[in-house]
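Below, all heavy atoms of this structure are taken into account, side chains as well, without hydrogens, waters or symmetry copies.
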Amino acid sequence: MIEPGVATAFTDGITHINLDESSTLDGEQQIATFKSASASIYDLSASMTVKGELWNWGHHNPEHLAEIEARLPGFSTYGTDTFSEQSYYLALRDIPKGLEGCAGKAILEVGCGVGEGLNFLSRLVPDARMTGLDLAPKAVARANATLARGDELRFVQGDAEALPFEDASVDVLINVESSHAYPNLKGFLQEAARVLRPGGVLSHIDVYTTQRLRAMRAIQAELPGLEWISDNDISDQVRAAVRQRMAPGSRFRRNLDKQRMNRFVRMLATNNLVMTFGGPFAGYREPAVVKLLNRLKVLPPAGSLPMRSYRHQVAVRS
Ligand SMILES: C[S@@+](CC[C@H](N)C(=O)[O-])C[C@H]1O[C@@H](n2cnc3c(N)ncnc32)[C@H](O)[C@@H]1O
C-alpha cells in the first residue's frame with residue numbers, strides 16, 4: 001500500500017511541476033522526496049498491471065492502426081484495445097526515415113514503465129538494440145523478468161535527468177507520456193542531446209498545461225544541440241482514444257465488469273481509472289455523488305490538472 005504522505009508528495013509535485021512555469025521544485029530535498037514518491041507509486045502500479053498493459057492515455061488514427069495490422073496481422077484481435085500501442089507507433093512512424101530507418105539502430109526509451117511499449121516496437125523494427133530506462137525499480141525488474149531479450153531488448157533503472165549512458169551512443173530516443181513528471185525538463189532535454197549521436201532523433205510525446213508548454217517552448221528556443229523539426233498537436237487523436245477506451249462495452253469496461261465488487265465500489269474504481277487515463281482531457285465529468293463525497297471530505301479528490309494539449313514533438317541532434 002501507498003502511505004497517504006507519499007500520494008500527497010506525488011500529486012503536490014506533479015501539480016507544482018505542471019502549473020509553476022519555473023518547472024522546478026524548491027530544493028534538493030523536495031525533489032528527492034517527489035522522485036521517491038513517484039517511484040513508489042509506479043512500483044505499486046507495476047505489481048498490479050496485467051501482462052501486456054501499457055500506461056499511457058493512447059492515440060487513435062485508423063490509418064495508423066491499419067498500418068500496424070498490415071505489419072502484425074491479428075494485432076488488434078488479442079489482448080489489447082490498441083490505443084496505447086498506437087502512441088508508440090506514432091513515436092517511430094512520424095520521424096525522419098520512419099520505422100524503416102530504425103532497423104539496426106540503438107533506440108532508447110526514457111520513462112518506459114513496465115516495458116510493454118518498447119516490446120511492441122521491437123516486433124516492428126528488425127535488429128534494433130532497444131533499451132528502456134525508468135525511475136521505478138520494480139517496473140524495471142518486471143520488464144527485465146518478463147520481456148528482456150539480450151541486447152535486443154533490455155531495461156535499466158535510472159533518472160531521465162541523469163542518463164547512465166555514454167555521450168553520442170543513441171540513434172533514436174523516445175519519450176512517451178513521462179516528461180510531465182520531471183522536475184527539471186531542461187535537464188532531461190540536455191541529457192537527450194548529450195546521449196544522441198549527431199543526426200540522431202528525439203521523439204517526444206506528452207501532455208501539457210498552458211504553463212508547462214510555455215516553459216517547454218522557452219527551453220526549446222535556448223537549448224543548443226537540438227533542432228526542433230515538428231510540433232504536432234495530437235489532442236484530437238488522444239481524445240478519440242480515451243473516449244473509445246472508456247465507452248460502455250469497451251475492453252476496459254469489460255475487464256472492470258469481470259472483477260467482483262459491489263456497484264458503488266465499481267463506480268468509484270471506474271471513476272478513478274477514467275480520471276487517471278485522460279478522462280477529464282476527453283470531456284469526462286465525475287459523477288455528482290463523487291463530487292459530493294469530495295466536498296464532505298469522505299473521499300480525497302482524484303485530482304486532475306488543466307491539461308490543454310497533447311503533442312508530438314521531434315528534434316534532430318545537430
Ligand atoms: C504514465 S507512465 C508512462 C509509461 C510508458 N511510457 C507507457 O506509455 O506505458 C510514466 C513513466 O515515467 C516514469 N518516470 C517518471 N519520472 C521519471 C524520471 N525522472 N526518470 C525516468 N522515468 C521516470 C514513471 O516511473 C512511469 O513509468
Side-chain angles (χ1 to χ4, degrees), residues 1-4 6-8 10-11 13-15 18 37-60 76 79-88 111-117 120 134 136 138-139 142 176-178 180-181 205-207 209 235 237-294 298-307 310:
M1 281 300 290
I2 291 288
E3 306 279 326
V6 171
T8 307
F10 179 68
T11 45
I14 288 280
T15 304
N18 288 281
S38 170
S40 302
I41 282 175
Y42 282 107
D43 274 348
L44 179 68
S45 302
S47 70
M48 300 189 315
T49 295
V50 173
K51 178 133 178 58
E53 260 178 24
L54 290 86
W55 288 348
N56 64 67
W57 295 357
H59 177 265
H60 185 49
S76 21
T80 174
D81 62 17
T82 80
F83 302 122
S84 292
E85 288 92 341
Q86 287 190 56
S87 300
Y88 276 82
C112 65
V114 285
E116 295 285 356
F120 163 70
D134 202 278
K138 290 185 185 159
R142 174 181 159 145
V176 180
E177 209 181 288
S178 178
H180 61 272
I205 295 179
D206 211 348
V207 64
T209 56
S235 304
Q237 293 88 335
V238 172
R239 289 192 178 105
V242 173
R243 288 190 187 121
Q244 290 188 48
R245 174 172 275 166
M246 305 303 173
S250 67
R251 177 180 293 276
F252 167 89
R253 293 275 180 176
R254 289 200 309 273
N255 283 346
L256 260 174
D257 288 347
K258 277 188 221 147
Q259 291 173 33
R260 287 163 66 96
M261 49 181 115
N262 68 41
R263 274 181 57 189
F264 183 67
V265 174
R266 185 181 306 288
M267 184 272 294
L268 292 181
T270 306
N271 181 63
N272 254 330
L273 275 170
V274 175
M275 293 297 284
T276 306
F277 280 90
F281 186 65
Y284 170 85
R285 298 282 169 266
E286 291 190 286
V289 62
V290 173
K291 287 189 185 155
L292 178 66
L293 291 172
N294 293 158
V298 176
L299 262 187
S304 80
L305 293 173
M307 293 304 185
Y310 204 113

*Asks:* If only atom types and distance count, is the side chain of Thr82 paired as donor or acceptor with the main-chain N or O of Ser76 below 3.5 Å?
*Replies:*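 No: the side chain of Thr82 does not pair with the backbone of Ser76.
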*Asks:* Give me the atom names and distance for the closest heavy-atom approach of Tyr88 to Cys112.
*Replies:*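 Shortest heavy-atom separation between Tyr88 and Cys112 comes out as OH-O, 4.5 Å.
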*Asks:* Side chains of His180 and Asp206: any donor to acceptor distance under 3.5 Å?
*Replies:*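 Judged by distance alone, the side chains do pair up.
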*Asks:* Taking atom CD of Gln86 and atom CG of Asn56, what is their separation to the nearest 0.5 Å?
*Replies:*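 Reported value, rounded in 0.5 Å steps: 10.5 Å.
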*Asks:* Using every non-hydrogen atom in the two residues, find where Val242 and Ala282 come nearest and quote the distance to one decimal.
*Replies:*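 In terms of heavy atoms, the two residues are closest at CG1-CB, 3.6 Å.
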*Asks:* Measuring from atom OG1 of Thr209 to atom CD1 of Ile14, what distance do you get when rounded to the nearest 0.5 angstrom?
*Replies:*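 Output value for this atom pair is 11.0 Å.
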*Asks:* Checking the side chain of Glu177 only, and the main-chain atoms of Trp57 only, is there a donor and an acceptor separated by less than 3.5 Å?
*Replies:*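 Between the backbone of Trp57 and the side chain of Glu177 there is a qualifying donor-acceptor contact (under 3.5 Å).
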*Asks:* Which heavy-atom pair separates Ile41 from Ala7 by the least distance, and what is that distance?
*Replies:*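 Nearest heavy atoms, Ile41 then Ala7: CD1-CA, 4.1 Å.
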*Asks:* What's the verdict on side chain to side chain contact (heavy atoms under 4.5 Å, CB included) for Phe10 and Tyr42, showing C-alpha distance, side-chain angles and the deciding distance?
*Replies:* CA-CA 11 Å; Phe10 179 68; Tyr42 282 107; 4.2 Å; yes
*Asks:* What is the minimum heavy-atom distance between Ala136 and Ala39, and which atoms define it?
*Replies:*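 For Ala136 versus Ala39, the nearest heavy atoms are CB-O, 3.8 Å.
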*Asks:* Just verifying a value: how many Å separate Glu85 CD and Leu54 CG, rounded to the nearest 0.5 Å?
*Replies:*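 CG of Leu54 is found 5.0 Å from CD of Glu85.
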*Asks:* In Å, rounded to the nearest 0.5 Å, how long is the span from CZ of Arg285 to NZ of Lys291?
*Replies:*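 The CZ atom of Arg285 sits 7.5 Å away from the NZ atom of Lys291.
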*Asks:* Considering only heavy atoms from C-beta outward, does the side chain of Glu116 approach that of Thr49 to under 4.5 Å?
*Replies:*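 No. Closest side-chain heavy atoms not under 4.5 Å.
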*Asks:* Just by modelled atom types, is the Ser47 backbone N or O under 3.5 Å from a matching donor or acceptor in the Arg142 side chain?
*Replies:*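 No: the side chain of Arg142 does not pair with the backbone of Ser47.
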*Asks:* Identify the two heavy atoms, one from Arg245 and one from Ser250, that lie closest to each other, and give their separation to 0.1 Å.
*Replies:*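 Heavy atoms of Arg245 and Ser250 come nearest at O-OG, 2.7 Å.
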*Asks:* For the residue pair Ala139 and Asp43, what are the closest heavy atoms and their distance?
*Replies:*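 Closest pair (atom of Ala139, atom of Asp43, distance): N-OD1, 3.4 Å.
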*Asks:* Thinking salt bridges, do Arg251 and Asp81 make one under a 4.0 Å N-O criterion?
*Replies:*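 Salt bridge between Arg251 and Asp81, a charged N being under 4.0 Å from a carboxylate O: no.
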*Asks:* Evaluate the side-chain proximity of Val114 to Glu53: yes if any heavy-atom separation is below 4.5 Å, no if none is.
*Replies:*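 In short, these two side chains do not touch, never coming nearer than 4.5 Å.
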*Asks:* Could you tell me the separation between the CZ atom of Phe120 and the OG atom of Ser87, rounded to the nearest 0.5 Å?
*Replies:*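 Taking CZ in Phe120 and OG in Ser87, the distance rounds to 10.0 Å.
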*Asks:* Passes side chain to side chain contact (heavy atoms under 4.5 Å, CB included), Ile205 versus His59? Steps please.
*Replies:* CA-CA 11 Å; Ile205 295 179; His59 177 265; over 6 Å; no
*Asks:* What orientation do Phe281 and Tyr310 show, parallel under 30°, tilted 30 to 60°, or perpendicular over 60°?
*Replies:*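 Tilted.
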